[in-house]
Asker: 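Encoded as structure tokens, here's the structure I'll be asking about.
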Amino acid sequence: MNYIDSTVISQHQLTEDIFVLETERKGADAHAGQFFMLKAWERELTLMRPISIFKADETTLHFMYRVVGQGTRKLAELKAGDPITLTGALGTGYPVEQTTGHVALVGGGLGIPPLCQTAKELTAKGVQVDAYLGFRDQLFALDDFEPYCSNIFVSTEVGEEGYRGYITDLLKPGQYDTVYTCGPEVMMRKVAALCAEQKTPCWCSMEHRMACGIGACLGCSIRTAEGMKRVCKEGPVFPAHIIF
Amino acid sequence: MDLSTTINGVHFKNPIVAASGTFGFGDEYNELYDVSCLGGISSKGLTWIPKDGNEGIRVYETASGMMNSVGLQNPGVRAFVEEGIAKMRRFDTVLIANMGGSCIEDYVAGAELLSRADIDMLELNISCPNVKSGGMAFGIKADVAREAVAAVRKSCSKPLIVKLSPNAENIVEMALACEEAGADSLSLVNTFQALAIDIHRRKPVFNNVYAGLSGPAIKPIALRMVHSVCKQVKVPVFGIGGIATAQDVLEFIMAGASAVQVGTANFNDPLACRHIIDDLQTLCEKEGIHRWDEVRGCI
């Protein structure tokens, strides 16, 4: 991990409250499922904000986030050329190196973005990827998944497009060698249960409030079957069987 | 200017100490910068029995600060002595073992073990607001604190810092009681007991209901408490509470502190301690300060 003085390259608004921030990468490490602590303020806000990697190109990083509070509101005000500090890449991401065969990525809501970089890295090593993306109403990021996926299944809970209902209704884990999931806990719990029935290995990415983001403060520790784990360090990606 | 200072016979290369609970055992921050530049590191709070800490939300941002209810998650004194100390000793900085607890027997057992270990100082936390069974009582009543400090003093051969809670009934009486009971120095203040409410759930944010408030929001109150205590005690004081800049450090030193501890600022800026040390050198030169005793306690 590094502490990087970076610069905003672009900001795109996808929906009423979902944005994509592009920054200079400045040589930072960045792997599927990892995150950065972002800061675009001095002491007006106390904490940095943990945001997952949506896409990592050679020279830029893309972060997709929903505006939910003061920090993300400030991030949404950033424009090209504005300074931003990045601490990262942080945490343990998806085990792309040890994954082979046919993989399902199951994302819900703002759990979808980190699966895009994941799809890219899996495809690059020859893994076949199907994406199952669950939205509430408006779709986003489908074009970003397109180049890296054999099939993309879409559901909306209250929208017009794709399957009407939960994305987990479409998933048959028996067809896959591995399943990676990221999204609301209730969705990941269902994915983990479906995978357990079929004995398909499943990895889930947890979200938690964080203070330091680097493993020092224990503000994001969660109880697992293997004891207390830091979401920011041993996670955010964990084998689903130790979480659910 | 030479930023170094000596407290209880222990030499600090500068008066900046990373505060307990915000800096782990130093190794994570050492990946971002060389933490040997620090005056000292106070370890994550240790207890005799290892603890998993609290359930639910543990950290929460507030205006100019944050609240925490980590609940002293730690591997226990024994694991720290067997594995943690050697790792911390890789850093060329003062090693302070911070120890909390909920009963005198555990405090004494921990102090005995740590006295035989390779640490520079022991910081006794009688003030954690986030441990349900008793931890807070030691920090509130001066008589209870006196008893705990006296017991630890007997079994502790290392310089003993006692960390005070701002939630004490009377912070000056508390400081005097700890001094009389044998504290070699004091550190203050720990977090202020506070409440955050989630109006959507109509519930407290934290499972324990109350949690500890820290950060710049508490700095002026912490400064007042450090000032009041320094006027009354003879032992050196580590000032703590919302310190985020070199100017804050000078304020605490002018209020009477011999050194400071930086906590929450590390979360705002992971390089905060290093930035403060660099700025402190410049600021002292700018202010015409040549030695700490020219300004320490000048208010």
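Just so it is clear: chains get the letters A, B, ... in the order the sequence lines come, proteins before strands, and each one is counted from 1.
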Asker: If we ignore hydrogens and angles and just use 3.5 Å, is the side chain of B:D52 paired with the main-chain N or O of A:R223 as donor and acceptor?
Answerer: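 Here the side-chain-to-backbone pair does not exist.
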Asker: Count the heavy atoms belonging to other residues, nucleotides or ligands that lie under 6.0 Å from NZ of A:K229, then report whether that count exceeds 12.
Answerer: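 Yes, NZ of A:K229 has more than 12 neighbouring heavy atoms, counting only those of other groups under 6.0 Å.
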Asker: Spell out, as yes or no, whether a donor-acceptor pair under 3.5 Å connects the side chain of B:R58 to the backbone of A:L218.
Answerer: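 At least one qualifying donor-acceptor pair exists.
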Asker: Name the region of B:T62, side chain, backbone, both or neither, that has any atom closer than 4.5 Å to a heavy atom of chain A.
Answerer: backbone
Asker: Side chain from CB out, backbone as N, CA, C, O: work out which of these in A:R209 comes under 4.5 Å of a heavy atom of chain B, or both, or neither.
Answerer: both
Asker: Please round to the nearest 0.5 Å and tell me the distance separating atom SG of A:C212 and atom CZ of B:F23.
Answerer: 10.0 Å
Asker: What part of A:M37 is in contact with chain B, defined as an atom under 4.5 angstrom from a non-hydrogen atom: side chain, backbone, both or neither?
Answerer: neither
Asker: Is any side-chain heavy atom of B:L32 less than 4.5 Å from a side-chain heavy atom of A:M1?
Answerer: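 Result yes, sub-4.5 Å side-chain heavy-atom pair found.
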Asker: Given a strict heavy-atom distance threshold of 4.5 Å, which part of A:Q70 is in contact with chain B: side chain, backbone, both, or neither?
Answerer: neither
Asker: Where does A:T87 contact chain B at under 4.5 Å (heavy atoms): side chain, backbone, both or neither?
Answerer: side chain
Asker: Quick check: are there more than 12 heavy atoms from other residues, nucleotides or ligands sitting under 6.0 Å from NZ of B:K286?
Answerer: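 Open: at most 12 neighbouring heavy atoms sit under 6.0 Å from NZ of B:K286.
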Asker: Looking at A:K26, I want to see if its NZ is surrounded by more than 12 non-hydrogen atoms of other residues, nucleotides or ligands under 6.0 Å.
Answerer: yes
Asker: When rounded to the nearest 0.5 angstrom, what distance separates OG1 in A:T46 from CE in B:M66?
Answerer: 8.0 Å
Asker: Hey, could you give me the CD/CE distance between B:E61 and A:M48, rounded to the nearest 0.5 Å?
Answerer: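 Those atoms lie 11.0 Å apart.
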Asker: Distance-only, no hydrogens or angles: does the A:K39 side chain make a donor-acceptor pair with backbone N or O of B:N268 under 3.5 Å?
Answerer: yes
Asker: Is it the side chain or the backbone of A:L45 that comes within 4.5 Å of chain B heavy atoms, both, or neither?
Answerer: both
Asker: Counting heavy atoms not belonging to A:E207, are there more than 12 under 6.0 Å from its CD?
Answerer: no
Asker: Non-hydrogen atoms of chain A under 4.5 Å away: do they reach the side chain of B:Y33, the backbone, both or neither?
Answerer: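 It is neither, since no heavy atom gets under 4.5 Å.
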Asker: Would you indicate whether A:Y166, at its atom OH, is surrounded by more than 12 heavy atoms from other residues, nucleotides or ligands within a distance under 6.0 Å?
Answerer: no
Asker: Does CZ in A:R136 sit with more than 12 non-hydrogen atoms of other residues, nucleotides or ligands closer than 6.0 Å?
Answerer: no
Asker: Rounded to the nearest 0.5 Å, how far does SG of A:C232 lie from CD of B:E28?
Answerer: 8.0 Å
Asker: For each of B:G215, B:G21, B:G65, tally heavy-atom pairs with chain A at distances under 4.5 Å, and name the one with the top tally.
Answerer: B:G65
Asker: Mind running side-chain contact (heavy atoms from CB on, under 4.5 Å) on B:D269 and A:R43 for me, showing each step along the way?
Answerer: CA-CA 9 Å; B:D269 169 12; A:R43 278 181 287 280; over 6 Å; no
